[in-house]
Amino acid sequence: MRGDGRRRGTAGAGGQGGTAVERRRLGLGGDQGQRAPAAVQAGRAGPAVAEDAGRPAPGGRRKRRPDRGEAAARPVGGARTGALRAAAAHAGRLRRRRAARRRRPAGVPGVTAPNVVVLLADQWRGQDQGWLDDTRGRASQVRTPNLDRLADGGAAVAGGRATSPVCGPSRASLLTGRLPHQNGVVANDLPLAPHVDTLATALSGAGYRTGWIGKWHLAGLPRDKWVPPAARPGIGRYVGVDCSHDHIDGHYYAGDGSRVDFTGYEPEVQTDLAVEFLEERNGPFFLTVSYNPPHDPYDSVPERLRTGYPAGVLRPPPNTPDTSGQREVQRLYYSAITAVDAQIGRIVGALDRLGLRQNTIIVVTSDHGDLLGAHGLRAKQSPYAEAVRVPMVINGPGVPASRPTGLLGLVDLAPTLLGLLGLPPIGAYGRDLSDELRSGAPLRPELLIGNWVSFDNGYDQGIGEWRGLITTELTYARTADGRPWLLFDDLTDPWQLDNLATDPASAGRVTEADARLAALLAQAGDTFAPADRLLTDLGLVEDWNARERALRGDRARLLPPPTR
């Protein structure tokens, strides 16, 4: 049934588009891998299978090491002296900020502690926001009027970035302020350890009512399930499915774990449920509404929501093939973004109606972007801007209207929100940038990004493990064998068409970028270990093998059990 109690009907997702081959390549007509892949020989030459397949996981669960994620946060022996000095200086800044916050009231004077609402879309790339126009040919064709109003009245951060551009690792970093090797979620369908501090545990400990509606994707396998309390640290109420891409006429699991079928478009039903949560008005609250669109299947957006984007007038970006199939998938993707934007407007409207708006911090962001055909790739897991850039709009008490320069990673979001509330930060890597948001000062100058373990879509497209550095001027990445892979001058080459990594004239820039990346890795305690060793060191071999058997079948890449 829907949020209004109507029983499920038979309404479909609407028309199709493109040839069968092109539709499969672009993610049309169904989820990328909900069915088991055909039995083929393992390896990168096989057909692509997305992260989003789902079968029950065999086998039991291992005992987790009590220090999992903690040891990785400490500097390793090879850390540079300069990196250690920088880390110590950052720790000193955090201490001074905590002391200053103790002397500073949070939120609106005379009212309760500020509420927090995070509106988290899935696979919404940062270039596709209506308010974003940087005058260099990257103005979005997407219409997002509700997001634009939030951007006009708050911090609209063009430098929003996913530290690990794929679902599970990115969501874990958002919640914990930790990088994947520090929180243990180095690939999809590896569960978040219940003992790790999260934004939700910090806020529930501070007396907040906490809730999460929609996709979680941090509870391990199987995907189609209610997320129990032990698998969602700090979240008091959960309504949703751990991972599902049934955007039309699907189902969710209610607070008691019972399955509820719904009729209609999933974001609309999830907003109905969110409004019910808001209407309870029982003290300060933290609520995340985790919408699945604009994640594929792209043609799951209803026909009635597709009318605003005639395919004939859309222009694919310069790094994307201009074909009829590409224009169709772009039209559907934009339609899904505008549909999510309408639900953002409903949430803001409910906060206004309930008298909660003035004292609520609203964040609109995404877990990662979507290549959507750019550079001949799809989905995510790559260092390209289409995968790494995400929306980042923060609006509410203590956040004046500004468009700050610099970067704000998803890994920074938990400590920054806690800083805005006057609470101590969490996380081993994320920074509290609340003072910068209050003053409109520049944010991070650089950020470590990477793909800690290659799997599913990324692996099938030849994207291996990599680590990278991004600044407001450049993107740099190296592969696991230490080879410089990509270097883009993002100021002169915003569409990342000219890879300078192998350009002899840019050798000095490559050397400098690689040295900066090495310093960031040392600060983060990241030894850039090969994926098999990383999974072994984190005690994740059993979980990894279970997800490979369940999602990859005969193409599973299994690791030998660790020696005792």
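We count residues from 1, following the sequence as given.
Figure legend: cation-pi geometry between R467 and W452, with NZ or CZ positioned under 6.0 Å from the six-membered ring centre and within 45° of its axis. Remark: R178 is not positioned above the aromatic ring of Y429, lacking an NZ or CZ atom under 6.0 angstrom from the ring centre and at most 45 degrees off the axis. For the pair R209 and F277, the cation sits on the ring face: its NZ or CZ lies under 6.0 Å from the ring centre, inside 45° of the axis.
Remark: side-chain polar atoms of Q381 are not paired, donor with acceptor, to backbone N or O of P165 under 3.5 angstrom. Side-chain atoms of D128 do not come within 3.5 Å of backbone N or O of V142 as any donor-acceptor pair. With hydrogens and angles disregarded, no donor-acceptor distance shorter than 3.5 Å links the side chain of T210 to the backbone of F286. Listed for the D412 side chain is a donor-acceptor partner under 3.5 Å among the backbone atoms of R431. Distance alone, capped at 3.5 Å, places no donor-acceptor pair between the Q326 side chain and the G373 backbone. When atom types are taken as modelled, the side chain of R306 and the backbone of V301 share a donor-acceptor pair closer than 3.5 angstrom. Judged by distance alone, with hydrogens and angles left aside, the side-chain atoms of E548 form a donor-acceptor pair with the main-chain N or O of R557 at under 3.5 Å. In terms of modelled atom types and a separation under 3.5 Å, the side chain of R125 and the main chain of D370 share a donor-acceptor contact. A side-chain donor-acceptor contact under 3.5 Å links D249 to the backbone of G264. N115 places a side-chain N or O within 3.5 Å of a backbone atom of F285 that can act as its donor or acceptor partner.
Taking both residues in full, the closest heavy atoms of A387 and S382 are given as CB-O, 3.5 Å, listed atom of the first, atom of the second, then distance. Minimum heavy-atom separation, L371 to L377: CB-O, 3.4 Å. The shortest non-hydrogen separation linking G130 to T144 is N-OG1, 2.7 Å. Closest approach of L417 to V118, counting heavy atoms only: CD1-CG2, 4.3 Å. Among all heavy-atom pairs drawn from C167 and H217, the shortest one is SG-ND1, 3.1 Å. In plain terms, the two heavy atoms of L179 and V411 that are nearest each other are N-CG2, 4.3 Å.
Contact check for Q127 versus R389: side-chain heavy atoms found under the 4.5 Å cut-off. Using a 4.5 Å heavy-atom cutoff, the side chains of I362 and V348 are in contact. Looking only at side-chain heavy atoms (C-beta outward), Y384 and H375 come within less than 4.5 Å of each other. In this structure, Y238 and P229 have side chains that are not in contact, with every pair of non-hydrogen atoms separated by 4.5 Å or more. Residues P302 and L305 are in side-chain contact: their nearest non-hydrogen atoms beyond the backbone lie under 4.5 Å apart. L418 places a side-chain heavy atom less than 4.5 Å from the side chain of L203. Counting heavy atoms from C-beta on, the side chains of L120 and L174 come closer than 4.5 Å. Considering only heavy atoms from C-beta on, W212 comes within 4.5 Å of L175 through its side chain.
Between R237 and E280 a salt bridge is recorded (basic side-chain N to carboxylate O distance below 4.0 Å). The pair R552-D456 meets the salt-bridge criterion, with a side-chain N (NZ, NE, NH1 or NH2) lying under 4.0 Å from an Asp/Glu carboxylate O.
Listed by first and then second residue, the side-chain hydrogen bond (donor to acceptor under 3.5 Å, both in side chains) pairs involving residues 168-177 are D122-R171, R171-S290, R171-D367, T176-N183 (not counting sequence neighbours).
Taking NZ of K225 as the reference point, atom OG of S244 lies at 12.0 Å (rounded to 0.5 Å). Once rounded to the nearest 0.5 Å, the distance linking CG of L351 with CZ of R346 reads 12.5 Å. Distance NE2/H181 to CG/L538: 9.0 Å, rounded to 0.5 Å. Taken from CD1 in I463 to OG1 in T479, the straight-line distance is 13.0 Å, to the nearest 0.5 Å. With rounding to the nearest 0.5 Å, the separation of CD1 in I394 from OG1 in T365 is 8.5 Å. We find the CD-CD1 distance between Q270 and I347 to be 10.0 Å, quoted to the nearest 0.5 Å.
With no hydrogens or angles considered, a side-chain donor-acceptor pair links N319 and E386 at under 3.5 Å. A donor-acceptor contact under 3.5 angstrom links the side chains of D224 and Y253, judged on distance only. Judged purely by distance below 3.5 Å, without hydrogens or angles, the side chains of S300 and Y265 never pair a donor atom with an acceptor atom. With no hydrogens or angles considered, no side-chain donor-acceptor pair links R327 and Q330 at under 3.5 Å.
Centroid-to-centroid, the aromatic rings of Y334 and Y309 come within less than 6.0 Å.
T201 meets the side-chain contact (heavy atoms from CB on, under 4.5 Å) test with D197, T198, P233; sequence neighbours excluded.
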Residues D242, K215; criterion salt bridge (charged side-chain N to carboxylate O under 4.0 Å, His left out); working and verdict = CA-CA 5 Å; D242 183 59; K215 180 179 179 180; over 6 Å; no
Pair I337-W124, side chain to side chain contact (heavy atoms under 4.5 Å, CB included): steps then yes or no = CA-CA 7 Å; I337 291 174; W124 182 353; 3.5 Å; yes
What do the steps show when you test V239 against W226 for side chain to side chain contact (heavy atoms under 4.5 Å, CB included), and what is the final call?
-> CA-CA 8 Å; V239 182; W226 179 66; over 6 Å; no
Please walk me through it: do R304 and E268 pass salt bridge (charged side-chain N to carboxylate O under 4.0 Å, His left out)?
-> CA-CA 13 Å; R304 61 184 168 83; E268 295 172 350; 2.9 Å; yes
So L413 and M392, side chain to side chain contact (heavy atoms under 4.5 Å, CB included) or not? Walk me through it.
-> CA-CA 10 Å; L413 194 55; M392 186 65 69; 4.1 Å; yes
Verify side-chain hydrogen bond (donor to acceptor under 3.5 Å, both in side chains) between D296 and H245, making sure each step is shown before the conclusion.
-> CA-CA 8 Å; D296 53 291; H245 298 295; over 6 Å; no
Applying side chain to side chain contact (heavy atoms under 4.5 Å, CB included), run through I344 and L150 and close with a yes or a no.
-> CA-CA 10 Å; I344 293 171; L150 290 173; 3.8 Å; yes
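Under the side chain to side chain contact (heavy atoms under 4.5 Å, CB included) rule, L551 has a single partner from R547, R555, R549, which is R547.
Relative ring orientation between H368 and H295 is described as perpendicular, the plane-to-plane angle rising above 60° on a 0-90° scale split at 30° and 60°.
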